[in-house]
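Read the structure below first, then the notes.
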There are 2 protein chains.
Amino acid sequence: MADEKVYDCLKLENQLCFPLYACAKEVVRRYKPFLDEIDLTYTQYIAMMVMWEKKELSVKALGEYLYLDSGTLTPVLKTLESKGFVKRKRSEKDERILNVTLTADGCMLRDKALSIPTQMGKCLDLDSKDAMELYRILHKMLAGFTEASEY
Amino acid sequence: MADEKVYDCLKLENQLCFPLYACAKEVVRRYKPFLDEIDLTYTQYIAMMVMWEKKELSVKALGEYLYLDSGTLTPVLKTLESKGFVKRKRSEKDERILNVTLTADGCMLRDKALSIPTQMGKCLDLDSKDAMELYRILHKMLAGFTEASEY
DNA sequence: TATAATTTGATTGTGTACAATTAAATCAAA
DNA sequence: TTTGATTTAATTGTACACAATCAAATTATA
């Protein structure tokens, strides 16, 4: 009686959220040895990815790309600035806006990071069909989230 | 020249890890309003899921289910104990082992949690085919991880 | 133009995550 | 059986993550 079927929906193995949560953590953990070599944490790495692409960006815009708020980004960006990879500067037109720009050192770091995606790909060993499916489904979910939060 | 194709592999949109990381965070965030009602955080919730099923467990065994180490679990379990949902007690046979047991209050919480999986399911709005695919791929990845870390 | 509302980051506090170290207990080998 | 290795949690330190609040600047409105 203690293990009635009513409770099956609360079993860890029947959750979709849990493998998502656990996988995300494990993947970030697998990144660590590679990211250590370029002195970045995972959060710093994805922030740099956007910086490499955009060169200059406000904290707000960066946060929208990364799904992170200023409470998380402020310390991350301060660390990246102390490492000399980005500069933080208030906009002259609107002092509420803080613009983040890539430095020469930050730009050079891009070349050091080039090998990381391939190395990670190997260590996940997911066949390309599954990888594409996973990519598709996750982006579908994310799209649903941004849609739902804008009313 | 600044945006050569060599760097495409470092674009955020070409990563598989990033939507995984972002989705996991968003899903946990979506849980919050529901979990607030039973005074649990997400980590506490998944710990309770295992406790509801197993009734009694060592910290180590719990950590293996959740992919979490004692550095994370110790404070989580102390909080759950302070809320009266679990008891922590050293094993008499082997004092290195700390056994966690479900209390009557902890057991009762299970009924309050019953509606959460359904409510979350609605708010993710993923069709069942995609949900099954996602479940399959994530578990495949997790299996690959545990395999790779046992040598 | 005052005043109110909004935008934007920063700050604060709580709660994970995890590596590295410590400490205690148990187990294994010579 | 004593020493050495292993197991198991706890502790410490660093780094997110996010809700809530604050503060400053800008924009909109009466």
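All values derive from a computational prediction rather than experimental measurement. Residue numbering restarts at 1 for every chain, and letters A, B, ... go by the order of the sequence lines.
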- Answer whether the closest heavy-atom distance between the side chains of B:Glu26 and B:Arg29 falls below 4.5 Å. yes
Taken to the nearest whole Å, OH/B:Tyr42 to C1'/C:dG15 is 15 Å
Scanning all shown strands, the Watson-Crick or wobble mate of C:dA30 with both distances under 3.5 Å is D:dT1
Item to complete: Determine: side-chain N/O of A:Arg30 to OP1/OP2 of C:dC18, distance under 4.0 Å, yes or no.
Response: no
query = Do B:Glu53 and A:Glu13 have side-chain heavy atoms sitting under 4.5 Å apart?
reply = yes
| task | Verify the contact: side-chain N or O of B:Arg88 to OP1 or OP2 of D:dT8, cut-off strictly under 4.0 Å; return yes or no. | result | no
Should we say atom NZ of B:Lys83 is surrounded by more than 12 heavy atoms from elsewhere, each under 6.0 Å from it?
-> yes
* Asked: At under 4.0 Å between heavy atoms, what does B:Val28 touch on the DNA or RNA strands: base, sugar-phosphate, or nothing?
  -> nothing
- request: Determine the interplanar angle of the A:Tyr45 and A:Trp52 rings, folded into 0 to 90°, and report it as parallel if under 30°, tilted if 30 to 60°, perpendicular if over 60°.
  value: perpendicular
### Task
Measure the acute angle between the ring planes of B:Tyr67 and A:Phe18, then classify it against the limits of 30° and 60° as parallel, tilted or perpendicular.
tilted
**Q.** Residue-phosphate contact under 4.0 Å: B:Arg29 side-chain N/O, D:dC18 OP1/OP2
**A.** yes
Is any side-chain N or O of B:Tyr21 closer than 4.0 Å to OP1 or OP2 of D:dA17?
yes
Between A:Ala61 and A:Glu26, the residue closer to the 5' end of DNA chain C by nearest nucleotide is A:Ala61
_A:Tyr65 and A:Lys54: side chain donor to acceptor below 3.5 Å_ = yes
A:Lys25 NZ to C:dA19 P, in whole Å, measures 10 Å
Rounded to whole Å, the CZ-C1' distance (B:Arg90 to C:dA23) equals 10 Å
Taking only side-chain N and O atoms of B:Thr74, does any of them lie within less than 4.0 angstrom of OP1 or OP2 on D:dA10? yes
Between B:Tyr67 and A:Leu98, whichever has its closest DNA chain C nucleotide further toward 5' is A:Leu98
| request: Kindly say if A:Lys93 contacts the phosphate of C:dT8, meaning a side-chain N or O under 4.0 Å from OP1 or OP2. | output: no
Exercise. With respect to the phosphate group of D:dA15, does any side-chain polar atom (N or O) of A:Thr79 fall under 4.0 Å of OP1 or OP2?
Worked result: no
Atom CG of A:Leu68 and atom P of C:dT16 are separated, to the nearest Å, by 19 Å
From CD of A:Glu95 across to P of C:dG9 the rounded distance in Å is 13 Å
Short side-chain N/O contact from B:Ser58 to OP1 or OP2 of D:dA9, under 4.0 Å = yes
| request: Using only side-chain N and O atoms of B:Thr41, determine if any of them is under 4.0 Å from OP1 or OP2 of C:dT16. | output: yes
Presence of A:Lys60 side-chain N/O under 4.0 Å of C:dT7 phosphate oxygens OP1/OP2: no
Between CG of B:Asp69 and P of D:dT11 the distance, given in whole Å, is 14 Å
Legend entry - Under-4.0 Å side-chain N/O to phosphate OP1/OP2 contact, B:Thr43 with C:dA17: yes
A:Arg96 atom CZ is separated from C:dT7 atom P, nearest whole Å, by 9 Å
A:Tyr45 OH to D:dC16 P, in whole Å, measures 15 Å
Whichever of A:Thr72 and B:Asn99 has the more 5' nearest nucleotide on DNA chain D, that residue is B:Asn99
